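Just so we're clear, the structure is a prediction, and the values are computed from it rather than from any experiment. All ligand and atom numbering here is 1-based and tracks the order in the structure.
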Amino acid sequence: MATEVHMHGRIGESIKRKEDGRFLRGKGNYLDDIELPGMLHMAILRSPHAHARIKSVDTAAASAMPGVVAVVTGDLMAQHKLAWMPTLSYDTQAVLATDKVRFQGQEVAAVIAETLYQAEDARDAVEVDYEVLPAITSPDKAKEPGAPLIRDDKENQKDNHIYHWEAGDQAATEAAFARADKVVRLRTFYPRCHPTPLETCGCIADVNGATGKATIYMTSQAPHAVRTVFALVTGLPEQNIRVISPDIGGGFGNKVPVYPGYVVATAASLLIGRPVKWVEDRNENLISTGFARDFHMDGDLAVDKDGKITALRVHLDSDNGAFFADAQPTKFKAGLFHIVTGSYDIPAAHVTADGYYTNKAPGGVAFRCSFRVTEASYLIERLVTNAAIELGMDQADFRMKNFIQPEQFPYASATGWIYDSGDYPKAMNVALEKLGYDELRKDVEARRKKGEVTGIGIASFTEVVGAGHGAEFDILGLRMFDSAELRVHPTGKALLRMGTKSQGQGHETTFAQIVTEELGIPAADVAVEEGDTDTAPYGLGTYASRSTPVAGAATAMVARKLREKARKIASHLLEAAEEDLEWETGRFYVKGSPDKAKTIQEIAFAAYTNLPEGMEAGLEGVHYYDPPNMTYPFGTYAVVVDIDKGTGQVKVRRMVAVDDCGVRINPMIVEGQIHGGLTEGFGIAFMELITFDNDGNCIGTNFMDYLLPTAWETPRFELGETVTPSPHHPLGAKGVGESATVGSPAAYVNAVIDALSPYGVTNIDMPIGPDKVWAALRSKGVTE
Ligand code: CDP
């Protein structure tokens, strides 16, 4: 007898987030909520200097203080061959400094005590004698002849240069520039900013001396990769290492790297035989953990007299800090920056990049970004708006003229990407319509005649997200696939375990929805687990918007595998040939007799109770998905600003964001992701900055100096969408987690530039505070 199918939560439904029940009730389980019996606490002593030789470290007073169990120095770590560790970019990084400190905030010693207060008090009693050295705070200073050598620990390192890297065709590009009617130039700096998750980084290391098992609770976006790195570095057998990422309060790339605190806490737990907890405070998070951007970019655009772009030439200097610890695919030293041709059909392009050591914190992370795509998107969108202004063309028309057209996909870019799909004119048209662009342009002209300073900025970004495929993309040799394991229980409820790790993106909901779509099990009946390396299948983790393109695809694929087994069981139950069965979400029925059916729940029960002869019991499987290509989400963002001539204050009057991330699994969650990204983009464009004085003192180490936007400053967002499915993703989905942070900074800045262009201002670097706007206007003689 056919059973009625109840199903809720298919793809495209904005069901409420399953995880929010516990988060809203304060019942989340974050790292700092975890207390283990006998747990000790660790505090880290950090360098006050950006560059200094360590003459001595005296721990006698600290060791004698109440509650102190151990004081760990670099020399002690060296005795265990753990003073240095490998980075994700094949460099080395000091765990605790032995010879020199190389950035302000670097880890020098650690105190382990019964309570956190005792650990912090004793930390302040550790005496370090430093010989201060001159600090280098920019690539320009790093390359000066005679500049102090930062990495004198490396045998063959004779200067501060880290890498040189190129993409594209230099000869073709130079030839196109030689023929160009016009060359538009922009030298811009994408300043250092910080992912700033609400929850800082931390870990609890619990090494059991009796069993040898090391359980490490860690705020990690990539727990499996950490397990493997730990096994390789410490020599512990990998099956004896269990990394558990509990609930994570935001990561944004900041929680990908392995930080020295994790290594010291684990070594301390191993030696002491008790669990050791280390949790950063805000100041430590901002001063020492993975920063973002810090790219100095020179871009030249060759344009012919009809306004067609003929070539792009880019050079960038990256400021990588004291250790090259960027978290990015190994092959690409400047990340995926060579997506810099963006949404435009540019026949020739050449990109060169050089990385430099400086006396700043290491670890350029993919802050809501697919490995430097943000910087690339910013540069090309700024250049394109400047080109339109310089040519006296409308920004939207200029983009329309140069877009890759829908029929050109799959499109091979001049720097080596194969864009899977796109429809840029459509996204632009939706944005312009939503904005009422033609009327608005007239309104801008009318306001300008009255002396108002107002403008419209556009950015039509293209991203590249969802690394791998594994042949091209790896981190320390680990191919960038991802995984999903699905078990359907006898009662038709399911458990989905994945190699990714949500930090607030709603994975427990959206990945359950994929199972609903593929098997017809309601999303409420699918538990999603991530983050425990003893139970989840191996995966490379969540960053760079890769979860939906890679692990989402793995989920669809494993569900499809189970559906094929379910078909065999249904054929047995219905006594009908497999090819006579029709699938309709949630059930198989006999062709022509829709009431002769078995639901997925009935089939699941039979998988444990009534199987065809010779079939293995159970309904479960695992799939490791190695994507054939990246996905290429895109969109058009448009911003309207009004500027107060007297103060330089910029007010965002409107922000329209049209995104195309292919098929949306949960539209509400997608919109939430976009709102968050637009807010982060706003913060970066106008407020957020980590900078350094000439001595290498870090400015921006607390929330009084590092200005995050709150609801008060944040503009209202008007969202729109187009849907261009990815042709190779099993669900047609593309990533979205980062789009708005990637796409929006250029839109905000372009609006300011458009507003100031009548006064001859064509460049202001972020963050655009009122001081910079005021100075720019005054420099052009505006005195009001
Ligand atoms: O890797 P990460 O989770 O940060 O980024 P993502 O794959 O872009 O996904 C962010 C959130 O948006 C997840 O909960 C996704 O499942 C959801 N999403 C969606 O519903 N539809 C899409 N086409 C893309 C993402």
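- Ionic pairing of E199 and K255 is present here: one or more N-O contacts between side-chain nitrogen and carboxylate oxygen are shorter than 4.0 angstrom.
- For the pair E564 and K561, the salt-bridge criterion is not met [side-chain N within less than 4.0 Å of a carboxylate O].
- Rounded to the nearest 0.5 angstrom, E530 CD and S547 OG are separated by 7.0 Å.
- A distance-only check finds a donor-acceptor pair linking the side chain of T516 to the backbone of A512 [under 3.5 Å].
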Pick out the protein N or O atoms lying less than 3.5 Å from any N or O of ligand 1, and list each pair with its distance.
from	atom 1	to	atom 2	distance (Å)
ligand 1	1 (O)	R546	N	3.3
ligand 1	1 (O)	S547	N	3.0
ligand 1	1 (O)	S547	OG	2.7
ligand 1	3 (O)	H507	NE2	2.7
ligand 1	3 (O)	S547	OG	3.3
ligand 1	4 (O)	Q505	NE2	2.9
ligand 1	7 (O)	T548	N	2.8
ligand 1	7 (O)	T548	OG1	2.7
ligand 1	8 (O)	V736	N	2.6
ligand 1	8 (O)	G737	N	2.7
ligand 1	9 (O)	T548	OG1	3.3
ligand 1	14 (O)	Q505	O	2.6
ligand 1	14 (O)	T510	OG1	3.0
ligand 1	16 (O)	T510	OG1	2.8
ligand 1	16 (O)	T548	OG1	3.2
ligand 1	20 (O)	I665	N	3.3
ligand 1	20 (O)	N666	N	3.0
ligand 1	21 (N)	I665	N	3.0
ligand 1	23 (N)	C661	O	3.2
ligand 1	23 (N)	V663	O	2.7
ligand 1	23 (N)	K734	O	3.1

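- For the pair D294/Y190, no side-chain contact is recorded, criterion being any heavy-atom separation below 4.5 Å from C-beta on.
- Atom-to-atom distance recorded for E472:CD and M630:CE is 9.5 Å, nearest 0.5 angstrom.
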